[in-house]
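Below: the structure, in structure tokens.
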Amino acid sequence: MLNPQECVLVVVDVQGKLAQVMDSSAELHQTLLNLIKGTALFDIPTLWLEQLPDKLGQTSPILYQELIKHSSPIAKQHFSGWQAEQFKEQLTALNRTQVLLVGIESHVCVYQTCSDLLENDFDVHLIVDAISSRTYANKQLGIEMMQHKGAQITNMESLLFELQHEAVGERFKALLKLIK
């Protein structure tokens, strides 16, 4: 079971024009926004990566406005976020073992980040409706490759309700508003 005190949300490279040409881009962005807001209800920290932001652009504005409330973007040049020293330091400093991994592209940057996290003993959970690639086939292939390496799969709604555990309280009401 996921434990909110052990979780960290990692958002990979949802930026620039590339984010707009992802398979089901509008749905991806809405799911990511709801996920960021939902995990914040559990005080789960968020780390977010940007691949060569000076060339590819900043994180999508709708997400940037929400993410900047929690932390600052971490620029990287390697496909894997783990190779960015600032990311590695911040993630390690959080002392949390369960990584909720989302972003683009499934078969490249998300995959390589996932592989490195698994090799460094993190428990990786892929929120599959918050991951994409330019094509649906590449999205699915990336998810299958990560699952084969040991990542767990879930979706936004299942994840948030697993973290919540019970259908009572103000946080539950706030989650319902996000999901509807």
Side-chain angles (χ1 to χ4, degrees), residues 6-40 42-135 138-139 141-143 145-146 149 151 156 159:
E6 288 296 319
C7 289
V8 57
L9 177 64
V10 174
V11 181
V12 179
D13 304 345
V14 186
Q15 62 190 99
K17 292 178 184 174
L18 184 60
Q20 304 310 312
V21 297
M22 290 297 107
D23 180 57
S24 302
S25 178
E27 293 87 351
L28 171 70
H29 280 81
Q30 188 59 55
T31 300
L32 284 164
L33 185 60
N34 290 345
L35 181 65
I36 293 162
K37 290 178 178 181
T39 54
F42 296 93
D43 297 319
I44 293 173
T46 300
L47 298 177
W48 48 301
L49 298 159
E50 291 182 334
Q51 178 76 20
L52 300 171
D54 54 326
K55 294 181 181 165
L56 295 179
Q58 289 188 319
T59 296
S60 296
I62 188 173
L63 302 179
Y64 188 93
Q65 292 173 7
E66 192 63 32
L67 287 166
I68 201 68
K69 296 175 185 176
H70 307 285
S71 60
S72 297
I74 300 168
K76 65 182 182 69
Q77 64 183 19
H78 290 88
F79 296 118
S80 171
W82 185 254
Q83 301 304 317
E85 204 56 44
Q86 185 182 4
F87 174 75
K88 191 184 301 185
E89 289 170 4
Q90 287 184 27
L91 181 59
T92 304
L94 289 170
N95 198 30
R96 293 174 178 239
T97 59
Q98 297 176 327
V99 175
L100 312 175
L101 189 60
V102 300
I104 63 174
E105 287 194 71
S106 172
H107 64 295
V108 183
C109 294
V110 179
Y111 168 73
Q112 290 188 31
T113 300
C114 177
S115 294
D116 282 346
L117 290 170
L118 290 167
E119 287 177 18
N120 286 280
D121 299 321
F122 288 92
D123 181 19
V124 179
H125 296 260
L126 306 172
I127 297 87
V128 297
D129 53 347
I131 294 172
S132 195
S133 289
R134 285 166 289 157
T135 68
N138 281 341
K139 171 188 173 174
L141 177 61
I143 290 168
M145 293 186 318
M146 291 181 278
K149 287 192 171 240
M156 183 208 38
L159 170 81

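Please read these numbers as outputs of a predicted model, since none were measured by experiment.
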Under a 4.5 Å cut-off applied to non-hydrogen side-chain atoms, are Leu117 and Leu91 in contact?
yes

Going from OG on Ser132 to CG on Asp23, what distance comes out if it is rounded to the nearest 0.5 angstrom?
5.0 Å

Where Gln112 and Phe79 come nearest, the two heavy atoms and their spacing:
OE1-CB, 3.3 Å

Point-to-point distance, once rounded to the nearest 0.5 Å, from CD of Gln83 to CD of Glu85
9.0 Å

Lys55 meets the salt bridge (charged side-chain N to carboxylate O under 4.0 Å, His left out) criterion, sequence neighbours left out, with none

Would you say the side-chain atoms of Ser80 pair up with the backbone N or O of Trp82, donor to acceptor, closer than 3.5 Å?
yes

Between Ala84 and Ile74, the two heavy atoms sitting closest are CB-CG2, 4.4 Å

Checking side chain to side chain contact (heavy atoms under 4.5 Å, CB included) against Val8, which of Val99, Thr46, Leu100 comes through?
Val99

Would you say Glu66 and Leu32 make side-chain contact, with heavy atoms under 4.5 Å?
no

Could you tell me whether the side chain of Lys139 and the main chain of Val128 form a donor-acceptor pair under 3.5 Å?
yes

Does Asn95, at its CG atom, have more than 12 non-hydrogen atoms belonging to other residues, nucleotides or ligands within less than 6.0 Å?
no

How long is the gap from CG on Leu35 to CG on Leu9, to the nearest 0.5 Å?
5.0 Å

For the backbone of Val21 and the side chain of Ser25, can you confirm whether one donor and one acceptor N or O come within less than 3.5 Å of each other?
no

Count the heavy atoms belonging to other residues, nucleotides or ligands that lie under 6.0 Å from CZ of Phe87, then report whether that count exceeds 12.
yes

Which heavy atom of Ala151 sits nearest a heavy atom of Leu118, and at what distance?
N-CD1, 3.9 Å

Steps toward side-chain contact (heavy atoms from CB on, under 4.5 Å) verdict (His70, Ile36)
CA-CA 9 Å; His70 307 285; Ile36 293 162; 4.1 Å; yes

For Met145 and Ser106: C-alpha separation, side-chain torsions, deciding distance, then whether side-chain contact (heavy atoms from CB on, under 4.5 Å) applies.
CA-CA 9 Å; Met145 293 186 318; Ser106 172; over 6 Å; no

What one should report as the nearest heavy-atom pair of Met146 and Cys114 is SD-CB, 3.5 Å

Any chance you could measure His29, atom NE2, to Met22, atom CE, to the nearest 0.5 Å?
9.0 Å

No-hydrogen, no-angle side-chain donor-acceptor test under 3.5 Å, Gln30 and Asn34:
yes

Regarding Thr31 and Asp129, do their side chains bring together a donor and an acceptor under 3.5 Å, going by distance alone?
no

I'd like to check Gln58 versus Pro73 (side-chain heavy atoms, cut-off strictly below 4.5 Å). Are they in contact?
no

Steps toward side-chain contact (heavy atoms from CB on, under 4.5 Å) verdict (Ile68, Trp48)
CA-CA 10 Å; Ile68 201 68; Trp48 48 301; 4.2 Å; yes

Which atom pair, heavy atoms only, marks the closest approach of Lys76 to Cys109?
NZ-SG, 3.7 Å

Between Val110 and Gly103 the two heavy atoms that sit nearest each other are CG2-C, 3.5 Å

Sub-4.5 Å side-chain heavy-atom contact between Glu6 and Asp123
no

Rounded to the nearest 0.5 angstrom, the CG-OH distance for Asn138 and Tyr111 is 13.5 Å

Donor-acceptor pair, Lys37 side chain versus Ala40 backbone, under 3.5 Å?
no

Measure the spacing between CD1 of Ile104 and CZ of Arg134 and express it to the nearest 0.5 Å.
9.5 Å

